[in-house]
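Okay, structure first, notes after.
What you see is a predicted model, and the numbers here were worked out from it, not measured in a lab.
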Amino acid sequence: MPIFPQHPSPESLRARPAEDLLSPATRMGAVELLVADLDATLDYYTRGVTLGVLEHAGDTAVLGRDGRTIVRLRQVKELPPARRGQAGLFHTAVLFEDEAALAAAVASVATAFPGSFTGSADHLYSQAFYFDDPEGNGVELYADRPRETWRRETSGLLTLATNPLDPNAFLGEHLPGAAPATRTAPPATLGHVHLQVGDIALGRQFYVDVLGFEVMSDIGSALFVAAGGYHHHLALNTWNSAGAGPRAASLGLGRVNIDLPGAEDVAALQERLAHHGVATRHDGAVLRFEDPWRTLVEVAAAA
């Protein structure tokens with residue numbers, strides 16, 4: 001007998017009772033990266049991405065903006081590098097408040113670390129620029145278009161595209177005459193996390209049917225899920241990792257944090273996980289569990 005329910009249709013997803021869904025106020029908390037060279041990676045995210053150092057003690061640095069953690073770096077020298085085809089992180093996506101703030105960050109990374117740029121795309125609901133940090137962890141810097149402009153398919157799912165986005169033209173339009181070093185550090189939050197998984201159907205069963213995210217876009221080899229109608233808080237793809245099994249210990253993704261609005265939301269999720277046979281640990285503040293690929297997820301009530 002399967003642990004998880006069968007793959008639901010978009011229509012049944014929209015009809016799901018509220019108690020089976022995460023709160024619309026759900027937000028991503030932070031991503032922990034396990035790194036071999038803390039100094040080099042810290043330099044990339046501060047001098048390049050323009051995140052601020054919230055804490056730095058020993059082998060750990062916490063980075064973010066306005067007191068909100070976005071990335072946590074932890075040096076673990078004894079671990080091997082992550083293999084390209086294993087489950088884990090595809091990219092950490094930092095959301096900026098508007099095109100001007102995004103342009104400032106993109107210009108900063110491109111100036112300080114010109115070899116780290118990997119591409120850009122207009123996704124219709126957002127404009128995104130992609131980089132790799134010094135240890136090969138993917139980084140997306142993006143800004144959303146107004147929600148009322150997002151397009152929908154007849155199924156109700158969001159329309160997703162990967163249209164060309166010229167980085168020089170974007171900077172020319174949104175960064176007029178200002179050198180990156182002279183701009184104020186832009187506000188930013190962790191917008192979403194994109195994961196590599198071994199199987200989309202299994203990922204959908206876990207993150208949608210059990211955790212309570214809703215499907216927003218589905219292109220077959222990638223699934224985009226969210227709470228509260230956002231375009232995605234999590235994405236899952238098999239572009240490099242189809243058939244991957246549970247993760248071996250390695251550098252790269254350490255854990256993913258999700259913030260729920262209150263303790264009662266965390267308790268409801270814990271009950272739902274227990275109902276589906278998912279092992280959890282709760283220390284009174286943080287609920288911890290693993291996805292089918294042993295990616296550690298931590299859930300807490302937002303501060």
Side-chain angles (χ1 to χ4, degrees), residues 28-64 69-94 109 112-119 129-141 188 190-199 203 206-207 222 233-258 281 286 288-299:
M28 300 308 297
V31 167
E32 180 186 62
L33 300 177
L34 306 181
V35 301
D37 188 333
L38 180 61
D39 291 339
T41 313
L42 179 61
D43 183 49
Y44 183 86
Y45 284 96
T46 53
R47 190 162 57 92
V49 182
T50 69
L51 298 183
V53 179
L54 304 181
E55 300 177 26
H56 187 186
D59 60 5
T60 301
V62 178
L63 310 176
T69 301
I70 296 175
V71 176
R72 181 180 291 103
L73 304 174
R74 182 156 63 91
Q75 183 168 274
V76 189
K77 293 183 177 180
E78 63 270 19
L79 288 178
R83 294 181 294 102
R84 175 177 170 81
Q86 78 177 43
L89 183 70
F90 190 69
H91 61 238
T92 299
V94 182
V109 182
F113 301 92
S116 68
F117 177 70
T118 60
F129 297 86
Y130 298 94
F131 302 85
D132 281 344
D133 76 12
E135 304 219 347
N137 298 299
V139 182
E140 175 183 344
L141 309 181
L190 179 62
H192 65 266
V193 180
H194 198 140
L195 300 174
Q196 296 190 155
V197 300
D199 181 82
F206 185 80
Y207 283 101
H233 287 116
L234 282 170
L236 317 171
N237 80 59
T238 56
W239 300 330
N240 302 317
S241 55
R247 300 171 58 206
S250 68
L251 297 172
L253 182 61
R255 67 178 184 264
V256 175
N257 286 76
I258 300 173
R281 307 182 300 280
V286 179
R288 297 177 174 87
F289 52 90
E290 294 180 343
D291 78 359
W293 295 276
R294 293 182 184 161
T295 292
L296 178 62
V297 181
E298 293 191 350
V299 180

TODO: Report yes if the side chains of Asn137 and Thr92 come closer than 4.5 Å at any heavy-atom pair, otherwise no.
DONE: no
Open item on the list: With a 3.5 Å distance limit and no angle check, can you tell me whether Thr238 reaches the backbone of Val197 through a side-chain donor-acceptor pair?
Closed with: no
TODO: Determine yes or no for a side-chain-to-main-chain donor-acceptor pair under 3.5 angstrom, with Ser116 supplying the side chain and Phe131 the backbone.
DONE: no
Task: Heavy-atom pair of closest approach, residues Ala249 and Leu79 - done: CB-CD2, 3.9 Å
- [ ] For the residue pair Met28 and Asn257, establish whether any side-chain heavy-atom pair is separated by less than 4.5 Å.
- [x] no
- [ ] Return the minimal non-hydrogen interatomic distance between Ala244 and Trp293, and the atom names on each side.
- [x] O-NE1, 3.1 Å
Open item on the list: Main chain of Gly85, side chain of Gln196: is a donor-acceptor contact present, judged purely on distance under 3.5 Å?
Closed with: no
Task: Geometric class of the His194/His91 ring pair [parallel <30°, tilted 30-60°, perpendicular >60°] - done: perpendicular
Open item on the list: Could you go through Thr60 and Glu55, starting from their C-alpha distance and side-chain angles, then the distance that decides it, and tell me whether this counts as side chain to side chain contact (heavy atoms under 4.5 Å, CB included)?
Closed with: CA-CA 8 Å; Thr60 301; Glu55 300 177 26; over 6 Å; no
Task: Considering all heavy atoms, the nearest Gly245-Ala87 contact - done: O-CB, 4.2 Å
- [ ] Taking all heavy atoms of Leu38 and all of His56, pick out the closest pair and write down the distance.
- [x] CD2-NE2, 3.9 Å
- [ ] Taking all heavy atoms of Ile70 and all of Ala188, pick out the closest pair and write down the distance.
- [x] CD1-O, 3.6 Å
Open item on the list: For the backbone of Arg74 and the side chain of Glu32, can you confirm whether one donor and one acceptor N or O come within less than 3.5 Å of each other?
Closed with: no
TODO: With rounding to the nearest 0.5 Å, note down the distance linking CG in Leu63 to CG in Leu190.
DONE: 12.0 Å
Task: Arg72 side chain to Gly254 backbone, donor-acceptor under 3.5 Å - done: no
TODO: Indicate yes or no for a side-chain donor-acceptor contact from Glu135 to the backbone of Val35 under 3.5 Å, with no hydrogens or angles considered.
DONE: no
Open item on the list: Measuring only between side-chain heavy atoms, which start at C-beta, is Val109 closer than 4.5 Å to Tyr44?
Closed with: yes
Open item on the list: Looking at every non-hydrogen atom in both residues, tell me the closest pair between Ser241 and Gln86 and how far apart they are.
Closed with: CB-O, 4.0 Å
Task: Trace of the side chain to side chain contact (heavy atoms under 4.5 Å, CB included) decision for Tyr207 with Leu195 - done: CA-CA 12 Å; Tyr207 283 101; Leu195 300 174; 3.6 Å; yes
Task: Point-to-point distance, once rounded to the nearest 0.5 Å, from CG of Leu251 to CZ of Arg83 - done: 13.0 Å
Task: Leu51 CG to Leu42 CG distance, which is reported to the nearest 0.5 Å - done: 10.0 Å
TODO: Show the numbers, then the answer: is there a side chain to side chain contact (heavy atoms under 4.5 Å, CB included) between Leu89 and Leu33?
DONE: CA-CA 9 Å; Leu89 183 70; Leu33 300 177; 3.6 Å; yes
- [ ] Hey, can you tell me if Phe117 and Phe129 have their rings parallel, tilted or perpendicular (30° and 60° cut-offs)?
- [x] tilted
